S.K.: 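Take this structure, written in structure tokens, and hold onto it; I'll ask about it next.
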Amino acid sequence: MKKSDRIIGGLALLSAAIIVIKLAGAMYGYDLVQMAVDATRPKDAGGWPGVTN
């Protein structure tokens, strides 16, 4: 198996996992990807107003 095949396979697996996570979140009424982004974002991100969301 060539290296490019492994990279393409990995990207396909990653995109399938993201779709499954988004679908599971939609079934339960949560946006899991946005929640993960919010969890990694600092509470007071230098200069951004806290009321953007």
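Bear in mind the structure is a predicted one, so any value in this text is a computation, not a measurement.
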S.K.: Rest of the hydrophobic cluster containing Val37 (Ile/Leu/Val/Met/Phe/Trp/Tyr, side-chain heavy atoms under 4.5 Å)?
M.R.: none
S.K.: Write out all pairs satisfying salt bridge (Lys or Arg N to Asp or Glu O under 4.0 Å) with one or both partners inside residues 9-19, taking only residues at least two apart or from two chains.
M.R.: none
S.K.: List, by chain and number, the other hydrophobic cluster members for Leu14, where Ile, Leu, Val, Met, Phe, Trp and Tyr join if side-chain heavy atoms come within less than 4.5 Å, directly or indirectly.
M.R.: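 ILVMFWY cluster around Leu14 also holds Ile18.
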S.K.: Tell me the salt bridge (Lys or Arg N to Asp or Glu O under 4.0 Å) pairs involving residues 16-28, sequence neighbours left out?
M.R.: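 Output for this query lists Lys22-Asp31.
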S.K.: Could you state the interatomic distance from CD1 (Ile7) to NZ (Lys2), rounded to the nearest 0.5 Å?
M.R.: 11.5 Å
